[in-house]
> 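Next up is a structure, given as structure tokens.
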Amino acid sequence: MAKSILTLKGISRDFYDAKVRQRVLKNIDLEFYAGELAIVAGPSGSGKTTLLSIMGLILKPSEGRIYIKGEDVSDLAEDREATLRRRNFGFVFQTPTEIPALTILENILVANAVQGTRVPPALRDKAQSLLASFGLSEYAHVKPKVLSTGEKQRVAIARALINDPVLLLCDEPTSALDAENSALVLDTLKGVSRDDDRGVVLVTHDPRVYPYGDRVITLEHGAVVHDWRREVAA
Amino acid sequence: MRSLVAYRMLVHDRAPTAGAVLGVVAILFLVGQQLSTLFGLFTYMSVLVDHSDADVWICGKFTDNANSTGQLPVRYVDRLSGLADIAWAEPVITTAGETRRKDGKAEGVVVIGLPAPRLTGGPWAFERGSVDTLLDYDGVTVDSRDLELFGDPELGDVLEVNKKRVRVNAVTKRITSFGGTLVFTNRTKAREISNLPPDRCSYILVKLKRGADVDAAVAKMRAVLPRAEVFPKDVLSRLTRAYYLINTGIGFSFGFTTLMSSLVGIVIITLTMYTSILNREKDFAVLRALGGRKKDIFVIVLCQAVIIGAVGIFLGFLLLALFLNGTRDSNLASFVPLWFPFVHAAFTLALCLLGSLFAIRHATRVEPATAFR
Ligand SMILES: Nc1ncnc2c1ncn2[C@@H]1O[C@H](COP(=O)(O)OP(=O)(O)OP(=O)(O)O)[C@@H](O)[C@H]1O
Ligand SMILES: [Mg+2]
């Protein structure tokens with residue numbers, strides 16, 4: 001049995017649009033496991049990004065509880081949440097979010113050292129070898145603007161991996177990419193998920209991405225309408 | 001790594017960084033220039049008091065500044081001589097005069113008549129000649145900065161003050177008074193130039209014996225001279241500065257320009273730093289999402305403010321030094337006390353941090369969730 005990483009219990013989220021309450025997520029129960037690439041699918045506006053933000057402790061749910069490896073993390077102070085984010089999650093956003101002022105290497109390191117800690121040489125080596133594993137070594141000391149969008153997304157994956165997260169949270173990481181780059185990024189993520197201590201959650205509304213998933217969760221109007229898991233040969 | 005991020009962001013967004021640095025330079029230079037001029041004028045105001053070799057000044061009743069001391073009976077000196085703490089007491093004469101150049105142009109001067117042979121209270125810096133030349137019956141000094149007013153005289157040239165013959169025996173070095181163009185001479189000549197009765201003087205300089213208690217001595221002098229004002233030197237110096245500061249509007253004028261320069265600088269810093277943060281909201285959201293706490297964002301923007309402040313202060317002082325050096329030989333008053341650069345740097349840095357408040361506030365409030373938008 002795969003290890004449970006993240007558990008959502010009764011998660012709801014309201015937004016207020018001109019004082020009118022809009023329930024964007026409705027009573028969601030989900031559990032995510034290591035070694036798995038889970039796809040969260042659904043039409044635009046179904047609440048995928050909202051769900052991902054709540055899972056990553058970036059957004060507070062209006063109701064419900066969140067557990068990381070069984071530990072309740074629903075009611076933590078902001079600083080503690082930030083620290084948990086840094087330690088447990090890697091984020092890949094829809095569009096590249098490298099900080100333009102920093103070099104590629106620094107962009108990766110900052111995900112570790114953003115709380116003001118020193119960068120030990122070992123971490124630098126790790127960042128370099130992550131870049132190397134994505135074939136991006138030559139870009140270590142250039143600014144992000146030199147890279148193509150596909151390359152930037154792979155840097156973002158490297159950045160997401162620098163802290164050895166238990167869960168990689170990716171919001172439509174391939175929507176800005178052409179088919180070839182898209183396949184490259186998805187293969188990379190698939191590889192990342194093949195780890196007994198790590199899971200990947202990938203939000204998409206592109207059916208071409210589904211085949212990469214070990215599991216496809218479908219959201220509609222803020223509710224889980226379908227949760228399919230690939231049968232694994234024993 | 002937060003300071004590196006701060007530094008990199010500043011270098012990356014050169015234009016707003018340069019703008020904010022300019023704001024700091026504006027504060028440092030403009031305020032520094034204003035205040036060094038004010039301090040320069042201060043030294044002009046109390047120049048005679050500050051450089052007199054006396055500990056105590058005795059002036060006419062109701063005197064409130066060293067440049068209008070009224071009149072005193074010379075015999076007050078005798079009353080003082082009975083007091084134990086006094087080393088010497090010398091009456092000095094000052095009088096307004098008018099000199100006329102060869103081409104006929106008239107110029108008002110202030111004549112200071114010093115008691116021979118000590119010539120105390122007299123000039124202290126010379127470009128040509130020395131103080132002893134004032135012992136000649138008609139010897140006077142003129143200042144290096146005022147030579148043109150007197151028609152560029154050579155040593156030994158004869159001038160007229162109030163139609164009385166005087167001879168330029170020495171040229172003083174940058175001795176400028178707020179009260180007027182100074183001409184030093186001996187007391188005999190000064191009395192001749194003035195129409196002061198022979199038993200009168202303008203003020204009495206008193207030197208105390210070594211180790212004497214100034215306050216106690218002043219109290220005793222006040223007791224024997226109830227109809228005169230008795231000032232310790234530093235008190236009269238302060239009074240004189242305060243007098244001009246208030247009565248001439250200089251204080252208000254310099255205060256106002258200083259305030260304005262500071263305000264303009266703060267506004268520049270605030271606007272440039274704030275817009276630069278607005279353009280970088282996404283970066284801060286990403287940093288927050290990656291695990292940055294509010295305090296980490298705070299540290300980053302604070303670092304930026306400190307870097308901007310430090311660079312601006314350095315450039316500002318460079319500019320100020322160039323300016324002060326370039327105007328050294330001009331008539332522009334300027335004086336920089338030793339403590340001033342430190343206090344001014346701290347003041348400027350404080351204003352720079354004040355200017356960064358909005359930027360800091362905005363940056364720390366960026367929601368990490370916007371990184372996903
Ligand atoms: N900060 C917010 N304030 C108000 N409403 C919001 C906010 N964020 C999201 N919503 C609303 O919540 C709903 C779900 O948004 P969400 O971004 O989670 O959808 P999504 O499934 O990611 O859509 P897409 O595929 O277009 O990215 C939308 O109707 C959106 O307008
Ligand atoms: Mg979305």
Side-chain angles (χ1 to χ4, degrees), chain A residues 13 15 48-54 56-60 77-103 106-119 123 143-145 156 159-160 162-163 165 169-172 203, chain B residues 1-20 272-273 275-308 359-361 363-373:
Chain A
R13 170 74 205 205
F15 282 117
K48 305 182 295 294
T49 298
T50 308
L51 180 66
L52 204 67
S53 308
I54 289 174
L57 305 183
I58 278 179
L59 192 69
K60 288 254 188 220
E78 257 189 7
D79 283 4
R80 182 92 179 92
E81 273 182 356
T83 305
L84 283 182
R85 281 203 291 277
R86 192 185 73 98
R87 206 174 289 156
N88 294 297
F89 301 117
F91 294 96
V92 181
F93 304 97
Q94 189 164 359
T95 48
T97 52
E98 281 82 9
I99 293 168
L102 302 179
T103 66
E106 287 163 353
N107 262 291
I108 295 174
L109 294 173
V110 81
N112 181 275
V114 64
Q115 294 196 349
T117 46
R118 296 216 155 275
V119 176
L123 191 75
K143 298 282 172 71
K145 66 172 179 213
R159 179 178 71 186
I162 189 72
N163 296 329
L169 300 170
C170 316
D171 193 5
E172 309 200 34
V203 160
Chain B
M1 181 149 190
R2 291 176 298 198
S3 48
L4 178 77
V5 173
Y7 168 77
R8 285 270 199 265
M9 283 179 164
L10 288 180
V11 174
H12 191 257
D13 297 331
R14 278 190 205 114
T17 303
T272 50
M273 282 196 73
T275 38
S276 149
I277 296 293
L278 282 185
N279 291 330
R280 292 278 159 235
E281 264 179 25
K282 183 91 175 185
D283 291 357
F284 290 110
V286 169
L287 285 172
R288 290 276 276 126
L290 293 178
R293 298 156 298 182
K294 276 189 176 165
K295 68 176 123 180
D296 300 313
I297 305 299
F298 173 82
V299 168
I300 289 173
V301 186
L302 189 71
C303 269
Q304 294 188 337
V306 170
I307 294 172
I308 286 170
I360 289 177
R361 207 174 81 126
T364 51
R365 286 183 178 185
V366 170
E367 283 294 329
T370 53
F372 275 118
R373 297 275 147 217

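Labels below follow one simple rule: chain letters A, B, ... track the order of the sequence lines, proteins then strands, and each chain is numbered from 1.
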> Do B:Arg293 and A:Glu78 meet the salt-bridge criterion of a basic N to acidic O distance under 4.0 Å?
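Between B:Arg293 and A:Glu78 there is no salt bridge, as every charged N stays at least 4.0 Å from the carboxylate O atoms.
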> Which heavy-atom pair separates B:His12 from A:Ala101 by the least distance, and what is that distance?
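Looks like CB-CB, 3.4 Å.
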> Below 4.5 Å, heavy atoms only, C-beta onward: do B:Asp283 and A:Pro100 meet side chain to side chain?
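Touching, per the 4.5 Å side-chain cut-off.
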> Under a 4.5 Å heavy-atom cut-off, does chain B meet the side chain of A:Val119, its backbone, both or neither?
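For A:Val119, the side chain is the part near chain B, not the backbone.
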> Please classify the contact of A:Glu172 with chain B as side chain, backbone, both or neither, using a heavy-atom distance under 4.5 Å.
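When you check distances to chain B, no heavy atom of A:Glu172 falls under 4.5 Å.
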> With rounding to the nearest 0.5 angstrom, report the CZ to CG distance, A:Arg86 to B:Asp296.
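Going from CZ on A:Arg86 over to CG on B:Asp296, the span is 9.5 Å.
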> Tell me whether A:Arg85 contacts the main-chain N or O of B:Leu290 through its side chain, where contact means a donor paired with an acceptor under 3.5 Å.
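Checked: no pair found.
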> Any side-chain heavy atom of B:Arg2 sitting closer than 4.5 Å to one from A:Val114?
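The answer is no; the side chains never approach within 4.5 Å.
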> Do you know which of B:Ala289, B:Ala369, B:Ala371 has the most heavy-atom pairs under 4.5 Å to chain A?
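That would be B:Ala289.
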> Ion pair present between B:Lys294 and A:Asp79, side-chain N to carboxylate O less than 4.0 angstrom?
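Salt bridge absent between B:Lys294 and A:Asp79.
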> When heavy-atom pairs shorter than 4.5 Å are enumerated against chain B, which of A:Thr103, A:Leu102, A:Leu59 gives the highest number?
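Of A:Thr103, A:Leu102, A:Leu59, A:Leu102 has the most heavy-atom pairs under 4.5 Å with chain B.
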> Indicate the atoms forming the closest heavy-atom contact of A:Ala82 with B:Gly292, along with that distance.
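The pair with the smallest heavy-atom distance is CB-O, 3.8 Å.
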> For A:Glu106 and B:Met1, run side chain to side chain contact (heavy atoms under 4.5 Å, CB included): C-alpha distance rounded to whole Å, both residues' side-chain angles, the deciding distance at 0.1 Å, then the answer.
CA-CA 9 Å; A:Glu106 287 163 353; B:Met1 181 149 190; 3.9 Å; yes
> Can you tell me which portion of A:Leu84 sits under 4.5 Å from chain B's heavy atoms? Options are side chain, backbone, both or neither.
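Contact with chain B involves no heavy atom of A:Leu84 at all.
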> For chain A, find which of B:Arg288, B:Lys295, B:Lys282 contributes the most heavy-atom pairs closer than 4.5 angstrom.
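Top count of heavy-atom pairs under 4.5 Å with chain A: B:Arg288.
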> Measure distances from A:Arg87 to the heavy atoms of chain B and classify the residue's part below 4.5 Å as side chain, backbone, both or neither.
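For A:Arg87, no heavy atom lies under 4.5 Å from chain B.
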> Taking A:Gly116, A:Ala160, A:Ser53 one by one, which has the highest count of heavy-atom pairs under 4.5 Å against chain B?
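Heavy-atom pair counts peak at A:Gly116.
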> Taking A:Glu81, A:Gln94, A:Lys143, A:Arg159 one by one, which has the highest count of heavy-atom pairs under 4.5 Å against chain B?
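Most heavy-atom pairs within the cutoff with chain B belong to A:Arg159.
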> Considering only heavy atoms from C-beta outward, does the side chain of B:Met9 approach that of A:Ile99 to under 4.5 Å?
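They are in contact (side-chain heavy atoms under 4.5 Å apart), so the answer is yes.
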> So which part of A:Thr49 gets closer than 4.5 Å to some heavy atom of chain B, the side chain, the backbone, both or neither?
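Side chain only.
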> At a 4.5 Å cut-off on heavy atoms, which part of B:Arg280 comes close to chain A: side chain, backbone, both, or neither?
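Only the side chain of B:Arg280 comes within 4.5 Å of chain A.
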> Could you look at B:Val299 and say if it's the side chain, the backbone, both or neither that has a heavy atom under 4.5 Å from chain A?
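When you check distances to chain A, no heavy atom of B:Val299 falls under 4.5 Å.
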